[in-house]
Every structure is written in structure tokens, then in C-alpha cells.
Undergrad: 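Got a structure for you, questions after.
What you see is a predicted model, and the numbers here were worked out from it, not measured in a lab.
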Amino acid sequence: MSAAAATAHDFSFTSIDGGDLRLADYKGNVILLVNTASMCGFTGQYKGLQSLWSDYRDRGLIVIGVPSDDFGGQEFDTRGEVKSFCELNYGIDFPLTDIAVVKGPNAHPYYQWIAKAHGSLAAPSWNFHKHVIDVDGNLVGWFASTTSPKSKRLRNAIETALKNRP
């Protein structure tokens, strides 16, 4: 999909298990999309992301982790290693994509669209950058790596987006 896409729902990733992970399949839900890394100083945020998923999934929140090795070489080499690490260390059961490029000219098309449509500040500048996507696929908030999943600001953005859920 090109950078001229209209919404996040126009994009798909490869699932960590293989196969398509289409954002359009989550229309009507709020998506928290986070680029992640297994060996980063922010990796402990996986615990908070799993907690958000547990707290809000019954209300329509989908948390999606996008493992990336773009910042400091802090991701494993294979999706199998990433999946095992996340499950064993953090009990992650929310959807994860395969390892993806999230910055630069070879970035996944979703991230190219984010940078073009929403500006460079909305694009990840480090691991654990967070995007809140509303029920219609619109980016309604982004949060830097330093924003904890426990942050009141992040939770308020999720709550606000969930209020508009059909």
C-alpha cells in the first residue's frame, strides 16, 4: 500500500506466526500499535502493554506489537526468538507482527504513511513509540517511548477513542 493511503486500515503486516495481520480486520476497534524491541531499556513496557490489553480488550482495544531492530540493534534475529522471549518473559498474548523496518526509506508502508501524513514527530524515533488508532483507522494520538503504558495520558487517549466505538 502506498504512502497515499487514507487510513491505517489500508495496511497489513506479516504476523509473527506467518500470514497476514490486516489492520482492516480490526475496524470498529481501537488499535494501540507499538514498535517494540526485546533488548531495550524500555522492554519492561511489555508488562504494561499486556496489562492494557487485559484491561481493555473486552471493550474493544487491540494491542499490536511491531518488533523492530532499527534502534540500537536491540531485537533478536528471528521472529521465533522474539515470540518465545515475549511469551516466556511477559506472558504476551496480544498480536505481534514479524520483525519490521519502522524508519527510513525501507520502512514498512504503514510507517512511511505515518511520516508522510502525520509528520516526522509521529514516526518512531526509538523503540516503544505508540500509536492510538480509532475505530475508523485514523491516527488520533502518538506517544514517545518514554510514555509508560501506565500513563494517564495514554489511558485517556484510549478511553476517548473507545467512547466512539459502535
Undergrad: What are the two closest non-hydrogen atoms of Phe76 and Ser38, and how far apart are they?
TA: CE1-CB, 3.4 Å
Undergrad: Do Thr160 and Val140 come within less than 4.5 Å of each other through their side chains, counting heavy atoms only?
TA: no
Undergrad: Could you list the donor-acceptor pairs under 3.5 angstrom formed by side chains in residues 16-24, with sequence neighbours left out?
TA:
from: Asp17; atom 1: OD1; to: Lys83; atom 2: NZ; distance (Å): 2.5
from: Arg22; atom 1: NE; to: Asp25; atom 2: OD1; distance (Å): 3.1
from: Arg22; atom 1: NH2; to: Asp25; atom 2: OD1; distance (Å): 3.0

Undergrad: Suppose the criterion is salt bridge (charged side-chain N to carboxylate O under 4.0 Å, His left out): which pairs have a residue in residues 95-113, not counting sequence neighbours?
TA: Arg79-Asp98
Undergrad: Would a 4.5 Å heavy-atom cut-off, applied to side chains only, mark Tyr110 and Val102 as touching?
TA: no
Undergrad: What distance separates Thr36 OG1 from Ile92 CD1, expressed to the nearest 0.5 Å?
TA: 9.0 Å
Undergrad: Apply side-chain contact (heavy atoms from CB on, under 4.5 Å) to residues Phe42 and Thr146 and explain how you reach the verdict.
TA: CA-CA 8 Å; Phe42 293 111; Thr146 54; 3.9 Å; yes
Undergrad: Step by step, would you call Leu32 with Ile64 a side-chain contact (heavy atoms from CB on, under 4.5 Å)?
TA: CA-CA 6 Å; Leu32 177 63; Ile64 299 174; over 6 Å; no
Undergrad: With a 6.0 Å cut-off on the ring centroids, do Trp142 and His129 count as close?
TA: yes
Undergrad: Could you work out, with side-chain contact (heavy atoms from CB on, under 4.5 Å) as the rule, every residue matching Asp93, not counting sequence neighbours?
TA: Gln50, Trp53, Arg57
Undergrad: Keeping the roles fixed (side chain from Ser15, backbone from Thr97), state whether a donor-acceptor pair exists under 3.5 Å.
TA: no
Undergrad: Considering all heavy atoms of both residues, which atom of Trp126 and which atom of Cys40 are nearest to each other, and what is their separation?
TA: NE1-SG, 3.4 Å
Undergrad: Going through the distances and angles, do Ile158 and Leu52 end up as a side-chain contact (heavy atoms from CB on, under 4.5 Å)?
TA: CA-CA 10 Å; Ile158 291 168; Leu52 282 172; 4.2 Å; yes
Undergrad: Would the distance check show the side chain of Asn89 and the main-chain N or O of Cys86 forming a donor-acceptor pair, the cut-off being under 3.5 Å?
TA: no
Undergrad: Looking at Ser12, is its backbone amide N or carbonyl O close enough to the side chain of His108 to form a donor-acceptor pair, meaning the two atoms are under 3.5 Å apart?
TA: yes
Undergrad: After noting the C-alpha distance and the side-chain angles of Asp70 and Glu75, does the key distance pass the side-chain contact (heavy atoms from CB on, under 4.5 Å) rule?
TA: CA-CA 8 Å; Asp70 287 358; Glu75 189 52 270; over 6 Å; no
Undergrad: Heavy-atom distance under 4.5 Å between the side chains of Val30 and Ile62, does that happen here?
TA: no
Undergrad: Are Gln45 and Lys130 linked by a side-chain donor-acceptor pair shorter than 3.5 Å?
TA: yes
Undergrad: Under the side-chain contact (heavy atoms from CB on, under 4.5 Å) test, which residues partner Asn164, sequence neighbours left out?
TA: none
Undergrad: Quick check: closest heavy atoms across Ala100 and Ser68, and the distance to 0.1 Å?
TA: O-OG, 3.0 Å
Undergrad: What residues, two or more places apart in sequence or in another chain, satisfy ring pair (Phe, Tyr, Trp, His ring centres under 6.0 Å) together with Tyr26?
TA: none
Undergrad: Below 4.5 Å, heavy atoms only, C-beta onward: do Tyr111 and Leu33 meet side chain to side chain?
TA: yes
Undergrad: Are Met39 and Val101 co-members of a hydrophobic cluster defined by side-chain heavy atoms under 4.5 Å apart?
TA: no
Undergrad: Is the shortest heavy-atom distance from the side chain of Phe85 to the side chain of Thr43 under 4.5 Å?
TA: yes
Undergrad: Check whether any side-chain heavy atom of Phe128 sits under 4.5 Å from a side-chain heavy atom of Pro149, and report yes or no.
TA: no
Undergrad: Are the ring centres of Tyr90 and Tyr46 closer than 6.0 Å?
TA: yes
Undergrad: For Asn138, does its backbone N or O pair with a side-chain atom of Asp136 as donor and acceptor, under 3.5 Å?
TA: no
Undergrad: Are any non-hydrogen side-chain atoms of Asn35 and His131 less than 4.5 angstrom apart?
TA: no
Undergrad: Test Glu159 against every option in Arg153, Arg59, Arg165, Lys152 by the salt bridge (charged side-chain N to carboxylate O under 4.0 Å, His left out) rule and name the one that passes.
TA: Arg59
Undergrad: OG/Ser148 to CZ/Phe143 distance, rounded to the nearest 0.5 angstrom?
TA: 11.5 Å
Undergrad: How close do Ala6 and Asp10 get, counting heavy atoms only, and between which atoms?
TA: N-OD2, 2.8 Å
Undergrad: Measuring from atom CZ of Phe94 to atom CG of Leu61, what distance do you get when rounded to the nearest 0.5 angstrom?
TA: 10.0 Å
Undergrad: Report the residues that fulfil ring pair (Phe, Tyr, Trp, His ring centres under 6.0 Å) with His9, sequence neighbours left out, ordered by chain and then residue number.
TA: none
Undergrad: Side chains of Glu81 and Ser84: donor-acceptor distance under 3.5 Å anywhere?
TA: no
Undergrad: So Val34 and Leu49, do their side chains get closer than 4.5 Å, heavy atoms only?
TA: yes
Undergrad: If you compare all heavy atoms of Gly137 against all heavy atoms of Thr7, which two are closest, and at what distance to 0.1 Å?
TA: O-CB, 3.3 Å
